[in-house]
Amino acid sequence: LSDSLTYFIPRFLVEKNKAKIKSGIIFALLIQVFMGIAFFILITLFSRLLTTHYFKNEYASFMIISMCIYFLIDGINEVLFRIFHGYQNMFLNQAIEFSFQFFSAFIIAFFIVSKLSVKYFGLAYILAALITTAIFAFIFFKKTFPDFFKIKHNLTTKIKQEMLAYSVPAMIGSFASLLFGQQSIFFLTLFVSLKSVGLYVMALSLGKLSVYLSKSITLVFSPMISELWKKKDIGKINFYFNELLTYSYIVGVPISLTLLFFSEETLRILYGETFIQAAQILKFYSIYFLLYTFMG
């Protein structure tokens with residue numbers, strides 16, 4: 001549901017309707033927190049079962065509980081992430097992810113130096129998420145929406161229905177992407193070997209080099225589409241869409257062709273002789289990501 005904020009906030013900004021913005025944020029946050037609590041209760045109830053029969057490791061139990069708490073807090077960060085995206089403040093939008101990664105890495109490094117058991121590493125995610133939430137919630141209330149608590153929200157049935165109508169297809173699409181995106185790793189693990197998983201993931205990561213620019217531009221473009229569509233400025237949408245494709249392919253095509261024709265040489269230079277086995281899958285991904293740019 002938080003994804004819908006990227007679509008609705010630019011539209012509400014065009015309407016200059018702060019009450020609708022606040023209503024949308026509250027609705028998304030309520031659902032996010034409710035789902036986080038439900039997930040926490042469910043996984044906690046089955047934590048012993050998962051520890052014994054799935055992970056088969058005594059350290060897993062504490063880690064599972066820690067990660068459930070983390071996901072609950074991360075739901076709030078997800079809403080903040082989408083709010084800044086909707087406001088088209090890409091610096092703060094990306095700063096949330098950077099902040100979390102920085103603090104979690106720092107705390108994990110501290111745990112390692114302190115020689116704490118690996119089962120406590122989940123606490124690093126909780127602490128990093130809490131710090132990130134505190135920082136960016138303060139920025140949101142202080143700078144982005146300073147009169148948030150003064151504005152009366154108007155959480156009507158119509159707003160709920162519109163947000164849900166947007167969110168349900170997005171949820172189905174995200175779930176399908178997650179499911180099918182992981183199926184290769186699942187089948188390789190089940191039927192081949194962990195070595196093949198390593199080769200596959202490495203080739204996939206290398207192939208993604210060609211789409212980093214297009215993914216970044218697309219991220220910026222999505223709330224812009226919503227704003228321009230609301231303004232009925234189709235000319236600008238068409239212009240920016242063509243610019244997006246042009247610059248994406250100017251950067252992406254040379255990288256893809258290099259990986260396609262010099263896959264073995266690239267793998268040998270970067271990783272060594274052992275990884276040349278992944279050359280064929282890297283060729284396939286080089287072609288795939290050229291199509292992915294347009295699809296994106």
Side-chain angles (χ1 to χ4, degrees), residues 3 6 77-78 81-82 84-85 88-106 108-109 128 170 173-189 192-225 239-296:
D3 284 351
T6 305
N77 281 330
E78 173 69 18
F81 181 85
R82 298 302 174 188
F84 291 130
H85 196 184
Q88 299 183 55
N89 190 326
M90 300 313 297
F91 176 81
L92 290 176
N93 170 267
Q94 292 302 301
I96 289 177
E97 179 65 20
F98 178 84
S99 172
F100 171 74
Q101 296 295 346
F102 173 80
F103 286 116
S104 59
F106 179 82
I108 286 174
S174 297
F175 179 74
S177 176
L178 181 67
L179 184 67
F180 294 118
Q182 297 299 320
Q183 66 178 349
S184 299
I185 293 174
F186 173 78
F187 287 120
L188 285 170
T189 305
V192 191
S193 67
L194 288 175
K195 179 185 176 183
S196 64
V197 174
L199 292 169
Y200 171 82
V201 172
M202 182 273 304
L204 173 62
S205 302
L206 197 55
K208 280 182 178 178
L209 283 173
S210 62
V211 294
Y212 276 125
L213 178 67
S214 65
K215 287 184 78 173
S216 301
I217 299 175
T218 304
L219 191 70
V220 176
F221 192 43
S222 54
M224 194 184 296
I225 290 175
F239 171 77
Y240 286 124
F241 179 68
N242 285 315
E243 291 288 288
L244 186 156
L245 282 176
T246 301
Y247 286 108
S248 295
Y249 278 113
I250 284 173
V251 173
V253 169
I255 296 173
S256 288
L257 292 178
T258 301
L259 295 175
L260 177 64
F261 293 112
F262 301 101
S263 55
E264 291 188 9
E265 290 80 359
T266 303
L267 291 168
R268 184 181 290 111
I269 292 168
L270 292 177
Y271 300 107
E273 291 288 336
T274 308
F275 290 90
I276 293 177
Q277 299 172 64
Q280 191 60 56
I281 192 71
L282 181 57
K283 290 178 189 290
F284 286 135
Y285 268 121
S286 301
I287 299 167
Y288 163 73
F289 279 119
L290 286 175
L291 304 174
Y292 177 89
T293 298
F294 188 81
M295 182 178 72

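Atom set for the values below is all heavy atoms of this structure, side chains included, hydrogens, waters and symmetry mates excluded.
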Self-check item: Spacing of Leu188 atom CG and Gln183 atom CD [to the nearest 0.5 Å]
Solution: 10.5 Å
Quiz item: Would a 4.5 Å heavy-atom cut-off, applied to side chains only, mark Tyr292 and Lys215 as touching?
Solution: yes
Quiz item: Is there side-chain contact between Phe221 and Phe241, with heavy atoms separated by less than 4.5 Å?
Solution: yes
Quiz item: Out of curiosity, Leu260 CG to Ile255 CD1, how far, rounded to the nearest 0.5 Å?
Solution: 13.5 Å
Quiz prompt | Distance, nearest 0.5 Å, that separates CG of Leu244 from CG of Leu213 | solution = 8.0 Å
Quiz item: Heavy-atom distance under 4.5 Å between the side chains of Met90 and Ser216, does that happen here?
Solution: no
Quiz item: What closest approach, in Å, do Ser210 and Phe289 show between heavy atoms, and which atom pair accounts for it?
Solution: OG-CB, 3.5 Å
Quiz item: When rounded to the nearest 0.5 angstrom, what is the spacing between CZ in Phe187 and OG in Ser196?
Solution: 13.0 Å
Quiz prompt | Nearest heavy atoms of Leu219 and Asn93, plus distance in Å | solution = CD2-OD1, 4.0 Å
Quiz prompt | Test log, rule side-chain hydrogen bond (donor to acceptor under 3.5 Å, both in side chains), inputs Tyr285 and Tyr200 | solution = CA-CA 10 Å; Tyr285 268 121; Tyr200 171 82; 2.6 Å; yes
Exercise. Check Asn242 against Thr246 and note the closest heavy-atom contact, atom names and distance.
Key: O-OG1, 2.7 Å
Quiz item: What distance do Lys195 atom NZ and Thr274 atom OG1 have between them, rounded to the nearest 0.5 Å?
Solution: 7.0 Å
Quiz item: With a 4.5 Å limit on heavy-atom distance, are the side chains of Asp3 and Arg82 in contact?
Solution: yes
Quiz item: Hey, what do you get for CD (Gln280) to CD (Glu264), rounding to the nearest 0.5 Å?
Solution: 9.0 Å
Quiz item: Tell me, do Glu243 and Ile217 make a side-chain contact under 4.5 Å, heavy atoms counted?
Solution: no
Quiz item: Are the side chain of Tyr271 and the backbone of Thr266 linked by a donor-acceptor contact shorter than 3.5 Å?
Solution: no
Quiz prompt | Shortest non-hydrogen contact between Thr6 and Ser222, atoms and distance | solution = CG2-OG, 4.1 Å
Quiz item: Is there a donor-acceptor pair closer than 3.5 Å between any side-chain N or O of Ser99 and the backbone N or O of Ala95?
Solution: no
Quiz prompt | Any side-chain heavy-atom pair of Arg268 and Phe275 under 4.5 Å | solution = no
Practice problem: Of all the heavy-atom pairs spanning Ser286 and Leu259, show the shortest one and how long it is. | Solution: OG-CB, 3.2 Å
Exercise. Could you pull out the closest heavy-atom pair between Ser248 and Ser214, with the gap in Å?
Key: OG-CB, 3.2 Å
Exercise. State, yes or no, whether a side-chain contact exists between Leu282 and Leu206 at a heavy-atom distance under 4.5 Å.
Key: yes
Practice problem: Indicate the ring-plane relationship of Phe98 and Phe102, choosing parallel, tilted or perpendicular according to the 30° and 60° boundaries. | Solution: parallel
